[in-house]
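Residue numbering restarts at 1 for every chain, and letters A, B, ... go by the order of the sequence lines.
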Amino acid sequence: MPELPEVETTVLDLNRFVGLYIRSIKLNRNNLRYPIPKNITIITKKSKIQSINRIGKYIIINLNNLFSLIIHLGMSGRIKSYEFKDLNYREKHDHVEIFLTKDKKITFNDPRRFGIFDIIKTEKIPNSKYFNKLGLDPFDKKFSKDYLHKKMCKSSASIKSLLLNQKIISGIGNIYACEILFDCKISPLKTGKNISNKQYLLLFKSIKKILKLAIKNKGSSLKDYKSIDGILGNYQNNFLVYNKKSIKMKRNNKIAKIIKINQGNRSTYYCPTIQK
DNA sequence: CCATTAACCTGACAGC
DNA sequence: TGCTGTCAGGTTAATG
């Protein structure tokens, strides 16, 4: 489900809990995509939430005891806030419950269980299995047109799969890859080495533009994704190609077809008339 | 190096 | 009301 904008929206919402202490963590199952470390309950007890940030699609909750919780939402994961509810109340698929001071509770809910819930030493984050091969986040200061060019220009893979490759850029998923490529009018079938220098600049700009706009709209809600308070994102109303059949061209008001193809077992939506 | 396939899961939806 | 098949914001391992 969630791509960078949805994860970012989650992190922004979670920031209200910075400064609170973890009273206890309750595990309602011992694994998601990976096993959840058993000692997570002991390590986190009475620790303070110092800061919360995001790298790619990962949420990082830094505690004041030199450890950090690492969370990935997978396809259907969501962090839910139970601020004004009975602390004993939980819903189906609330696999992890985090009880906080001030009688707050947040849970990790994930029907399909492709998500990750882990804890590692904060200083070991960059060298951990989650981050040691991860490409730059699009909002990292080092992320540039030249970085994109360097990583992609020799590749014979399609630009769509390059955008989805988290080892190159971290955070873009299937929806935003389609929307970004439409925005810069590049065909998803084009290979990295067949894209011009000028197009790399356009691609770079579209990545930032589309992701920023989506964050501004609090992400996209198709079925699973909602904010931690259950509020829907809005960006799905701005999709131009994803899940669409056609688009009205600005140039001449004519209708252009949008087609759905398969690339690496994922659906790609694009407009062959506009994207070259 | 790259594409393809399958695998990990549940739930929603279409069609019969 | 079923049942069946398909599809889904992700990632990874195996195979050719």
Side-chain angles (χ1 to χ4, degrees), chain A residues 1-11 28-36 54-59 70-79 91-95 108-118 128-135 138 151-182 188-194 207 210-211 213-215 217-227 232-244 260-269:
Chain A
M1 139 241 153
E3 306 181 34
L4 186 152
E6 291 76 31
V7 179
E8 178 69 13
T9 303
T10 301
V11 167
N28 295 321
R29 64 156 35 239
N30 55 25
N31 71 301
L32 295 162
R33 182 141 69 87
Y34 302 118
I36 305 173
R54 176 193 64 72
I55 300 176
K57 296 173 192 169
Y58 290 88
I59 297 167
I70 306 294
I71 300 171
H72 191 293
L73 302 176
M75 279 287 257
S76 56
R78 181 153 92 84
I79 293 180
E91 290 173 350
K92 203 175 180 185
H93 308 301
D94 277 340
H95 305 306
F108 182 84
N109 184 288
D110 186 7
R112 293 179 73 180
R113 308 204 301 270
F114 293 160
I116 296 166
F117 198 91
D118 203 351
S128 67
K129 64 173 173 181
Y130 304 120
F131 299 99
N132 64 358
K133 287 174 190 156
L134 202 65
K151 289 278 183 183
M152 295 179 167
C153 72
K154 285 178 186 157
S155 174
S156 54
S158 73
I159 188 62
K160 166 76 182 315
S161 60
L162 291 172
L163 283 179
L164 289 180
N165 186 343
Q166 306 295 301
K167 289 170 188 156
I168 299 177
I169 320 171
S170 56
I172 298 174
N174 201 42
I175 290 181
Y176 295 109
C178 294
E179 295 297 324
I180 286 164
L181 287 172
F182 177 77
L189 296 167
K190 222 159 181 198
T191 59
K193 58 184 173 192
N194 283 327
I207 290 170
I210 298 292
L211 295 177
L213 207 57
I215 292 168
N217 281 273
K218 299 195 178 299
S220 307
S221 295
L222 294 190
K223 34 182 136 171
D224 296 313
Y225 180 75
K226 291 173 186 167
S227 78
L232 298 175
N234 285 320
Y235 193 69
Q236 67 281 4
N237 301 321
N238 297 328
F239 290 170
L240 293 178
V241 286
Y242 188 82
N243 244 328
K244 300 287 179 183
K260 180 182 176 182
I261 59 171
N262 250 39
Q263 285 181 294
N265 255 354
R266 313 296 306 273
S267 296
T268 298
Y269 293 83

Let me know the distance between CZ of A:Phe108 and C1' of B:dC9, rounded to the nearest Å.
13 Å
Think A:Lys244 forms a cation-pi with A:Phe182, using NZ or CZ under 6.0 Å from the six-ring centre and within 45 degrees of its axis?
no
If only atom types and distance count, is the side chain of A:Ser221 paired as donor or acceptor with the main-chain N or O of A:Gly233 below 3.5 Å?
yes
Kindly say if A:His72 contacts the phosphate of C:dT11, meaning a side-chain N or O under 4.0 Å from OP1 or OP2.
yes
Has A:Gln166 got a side-chain N or O lying under 4.0 Å from the OP1 or OP2 atom of C:dT11?
yes
Quickly work out the A:Tyr242 OH to C:dC7 P distance and round it to whole Å.
12 Å
OP1 or OP2 of B:dC2 versus the side-chain N and O atoms of A:Ser161: is any pair under 4.0 Å?
no
Rounded to the nearest Å, what distance is computed from the CZ atom of residue A:Arg78 to the P atom of nucleotide B:dT10?
19 Å
In whole Å, I'd like the distance from the CD atom of A:Gln263 to the P atom of B:dC2.
14 Å
Taking the nucleotide of DNA chain B with the nearest heavy atom to each, does A:His93 or A:Arg33 sit closer to the 5' end?
A:Arg33
Selection from B:dC2, B:dC8, B:dA6 that lies nearest to any side-chain heavy atom of A:Asn265:
B:dA6
Rounded to whole Å, please give me the gap between CZ in A:Arg112 and C1' in C:dT12.
15 Å
Check: A:Leu164 main-chain N/O paired with A:Gln166 side-chain donor or acceptor under 3.5 Å
yes
Could you work out which one of C:dT11, B:dG11, B:dA3 sits closest to the side chain of A:Ser158?
B:dA3
C:dA8 phosphate, OP1 or OP2: any side-chain N/O from A:Lys260 under 4.0 angstrom?
yes
When you get a sec, tell me which of C:dG10, B:dG11, B:dC2 is the closest nucleotide to the side chain of A:Lys92?
B:dG11
Nearest-angstrom distance from the residue atom CZ of A:Phe239 to P of C:dA8:
13 Å
Pick the P atom in B:dT10 and in C:dT1, then give their distance to the nearest Å.
23 Å
Check this one for me: any side-chain N or O of A:Ser267 less than 4.0 Å away from OP1 or OP2 of C:dA8?
yes
Counting just side-chain N and O atoms, does A:Lys167 come under 4.0 Å of either OP1 or OP2 of C:dT11?
no
Return whichever of A:Gly264 or A:Phe114 has its heavy-atom-nearest nucleotide of DNA chain B closer to the 5' end.
A:Gly264
Separation between CG of A:Asn165 and OG of A:Ser170, rounded to the nearest 0.5 Å
10.5 Å
Hey, mind stepping through A:Tyr176 and A:Glu6 against side chain to side chain donor-acceptor pair (under 3.5 Å) and telling me if it holds?
CA-CA 11 Å; A:Tyr176 295 109; A:Glu6 291 76 31; 2.7 Å; yes
Interatomic distance at P, C:dT6 relative to B:dT5, whole Å:
15 Å
Watson-Crick or G-U counterpart of B:dG11, or none if no pair lies under 3.5 Å:
C:dC7
For a quick check of understanding: with a heavy-atom distance under 4.0 Å over all strands, which category does A:Ser220 fall into, base, sugar-phosphate or nothing?
base
Give the rounded distance in Å between these two atoms: CZ of A:Phe131 and P of C:dT11.
12 Å
Gap between atom NE2 of A:His72 and atom CG of A:Asp110 - 0.5 Å precision
10.5 Å
Calculate the interatomic distance between A:Leu4 atom CG and C:dT11 atom C1'; express it in whole Å.
17 Å
